[in-house]
Q: 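Got a structure for you, questions after.
None of these values were measured; they are calculated from a predicted model. Numbered from 1 within each chain, the chains take letters A, B, ... in sequence-line order.
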2 protein chains.
Amino acid sequence: MILKNKDMVRASEKLRFAVLAVDVVYFRIIDNKLSLLLGKVTTAPDFIGKWALIGGLIAPDETADDAVKRHLKVKAGIEVPYTEQLYTFSAINRDRRGRVISVAYVALANSNLQNKQKAETETKWCPIAGIPSLAYDHDEIVRVAIDRLRSKFTYTTMAQFLLPEEFTLSELQKTYEIVMGKEMDKRNFRKKILSLGIIAITKKVKIGKANRPAALYRFKKRSPLFIDIL
Amino acid sequence: MILKNKDMVRASEKLRFAVLAVDVVYFRIIDNKLSLLLGKVTTAPDFIGKWALIGGLIAPDETADDAVKRHLKVKAGIEVPYTEQLYTFSAINRDRRGRVISVAYVALANSNLQNKQKAETETKWCPIAGIPSLAYDHDEIVRVAIDRLRSKFTYTTMAQFLLPEEFTLSELQKTYEIVMGKEMDKRNFRKKILSLGIIAITKKVKIGKANRPAALYRFKKRSPLFIDIL
DNA sequence: GCAAAAGTGTTGCTTTTACACCCATGG
DNA sequence: CCATGGGTGTAAAAGCAACACTTTTGC
């Protein structure tokens with residue numbers, strides 16, 4: 001690494017003042033409620049025993065995206081769900097131990113996804129209606145994350161990441177209702193979604209319950225698509 | 001500053017590896033073209049003589065927002081226009097001098113706004129149609145910024161920050177046309193904007209040109225409002 | 001009086017909303 | 001056979017898109 005430059009030499013002395021972290025607002029639908037993952041604070045001088053978002057430091061050889069994936073694996077025992085960057089929080093006193101700048105992320109996974117390994121951190125899934133007061137500035141991060149999730153639900157296909165690969169139209173509708181926090185009309189919802197051409201019917205049906213079997217659909221594209229949905 | 005914690009002690013040795021910077025995509029409408037401010041690279045070992053976004057390092061006692069305001073003042077000679085955080089870029093080799101993590105911002109100002117002081121940097125306003133290849137990852141930052149600007153124009157009142165406080169409906173429409181890159185129908189545009197109730201007519205008119213005087217309007221709220229506009 | 005931009009309504013089309021009944025299955 | 005959720009159409013209302021002429025001013 002070359003450090004010829006005056007600014008960078010100064011930087012190496014004085015301007016590397018901050019530690020970089022990621023904080024992840026990791027959403028899943030649990031028991032028909034939009035929930036997010038909290039971890040217990042065990043290491044800080046402040047906030048011990050309080051709940052906080054999961055996250056951790058960014059390492060010198062990784063990007064913020066990489067750091068999110070790594071910390072999700074270690075602290076939630078989960079392999080790379082959908083993640084997207086939310087906002088960077090840089091208030092000077094957000095962590096009393098020193099200057100920590102946090103790049104916040106939203107992560108999504110479907111309800112069935114099993115944790116592949118044991119998490120190293122004490123965690124719990126908490127419905128968004130009952131989130132306790134969190135450590136650091138995590139209350140604010142959660143607020144921004146929920147706003148963003150609801151907003152993007154209306155113009156992207158990111159709902160797919162809260163669902164298994166194949167799902168019924170009722171499950172898709174339920175996902176929207178849970179995230180947006182309001183009920184929708186079944187016929188209008190189906191008409192709208194089908195007219196968008198973003199999902200394809202499979203030849204399978206979902207059976208096993210005491211009712212008519214439901215057709216299974218899948219999203220045509222795995223990546224989130226920008227399109228007016230609701 | 002208290003550093004009792006194991007992580008933070010390690011941090012002070014190894015984890016303060018990065019320098020934090022801000023890069024600003026500063027938009028104005030110049031000669032009826034959406035333009036952004038570029039500065040010439042003078043200090044880096046790479047990219048000397050290339051154009052880049054304006055920006056600079058974040059200082060230990062300021063937030064990212066503060067840093068943006070400071071650098072805009074010094075490098076563009078301008079006092080606090082509208083700014084909003086865009087995205088944080090953390091690729092490992094985005095700056096060859098060392099690890100630099102950049103929090104990118106969008107800034108907006110109206111065409112009339114005069115620079116209050118001399119800029120310390122050689123800068124130019126460049127129409128977005130003719131942007132040269134930029135230093136670092138600034139091409140990508142600009143792409144993301146233009147996407148964001150266009151997208152938010154359709155559902156917020158941020159257009160107000162590209163206009164003077166009082167403006168005619170034609171000027172507002174022109175602003176939309178320039179940013180969105182397409183023409184709009186005058187009657188439909190006026191009907192829509194007026195029906196939203198976000199602007200109020202003043203008692204003044206804009207005179208001096210060889211045509212009928214135009215009524216001047218102003219936005220009712222100074223802060224960006226979320227509302228379906230187009 | 002003419003050039004230039006301001007200002008103004010109507011119609012057809014598309015989209016959205018509201019709403020109720022029959023169907024296929026498991027138990 | 002009954003309880004459960006799956007699946008379907010229509011009509012009224014609202015919103016959107018297309019379109020042309022008159023008004024007021026400066027020169």
Q: Could you state the CG-P distance from A/Leu230 to C/dT15, rounded to the nearest angstrom?
A: 16 Å
Q: Please report the distance, rounded to the nearest Å, between CG in A/Asp228 and P in D/dG15.
A: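 In whole Å, D/dG15 P and A/Asp228 CG are 16 Å from each other.
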Q: Round to a whole Å and report the spacing from CD1 of B/Ile201 to C1' of C/dG7.
A: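 Rounded to the whole Å, the gap is 11 Å.
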Q: NZ of B/Lys124: more than 12 outside heavy atoms within 6.0 angstrom?
A: yes
Q: Is the CD atom of A/Glu183 crowded by more than 12 outside heavy atoms at less than 6.0 Å?
A: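 Counting other residues, nucleotides and ligands, CD of A/Glu183 stays at 12 neighbours or fewer.
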Q: How many Å lie between NZ on B/Lys174 and P on C/dA6, as a whole number?
A: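 The distance from NZ of B/Lys174 to P of C/dA6 comes to 10 Å, rounded to the nearest Å.
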Q: Sequence neighbours excluded, which residues qualify as ring pair (Phe, Tyr, Trp, His ring centres under 6.0 Å) partners of B/Phe27?
A: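 Ring pair (Phe, Tyr, Trp, His ring centres under 6.0 Å) list for B/Phe27, sorted by chain: empty.
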Q: Assign a letter to each nucleotide of nucleotides 2-10 of chain D from its 5' end: B, base within under 4.0 Å of a protein heavy atom; S, sugar-phosphate only; -, no contact.
A: -BBBBBBBB
Q: State, without any angle test, whether A/Thr63 and B/Ser90 hold a side-chain donor-acceptor pair at a distance under 3.5 Å.
A: no
Q: In a check of ring pair (Phe, Tyr, Trp, His ring centres under 6.0 Å) between B/Phe167 and each of B/Tyr217, B/Phe161, B/Tyr176, B/Phe219, which one passes?
A: B/Phe219
Q: Tell me, please, which residues at least two apart from A/Glu171 pass side-chain hydrogen bond (donor to acceptor under 3.5 Å, both in side chains).
A: A/Lys206
Q: Take the protein atom CD of B/Gln173 and the nucleotide atom C1' of C/dA6, then report the distance between them rounded to whole Å.
A: 11 Å
Q: B/Ile207 CD1 to C/dA5 P: how many Å, rounded?
A: 17 Å
Q: Between C/dT16 atom P and A/Ile229 atom CD1, what is the distance in whole Å?
A: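 Result: 12 Å.
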Q: Nearest-Å distance, CG (B/Leu196) to C1' (D/dG15)?
A: 12 Å
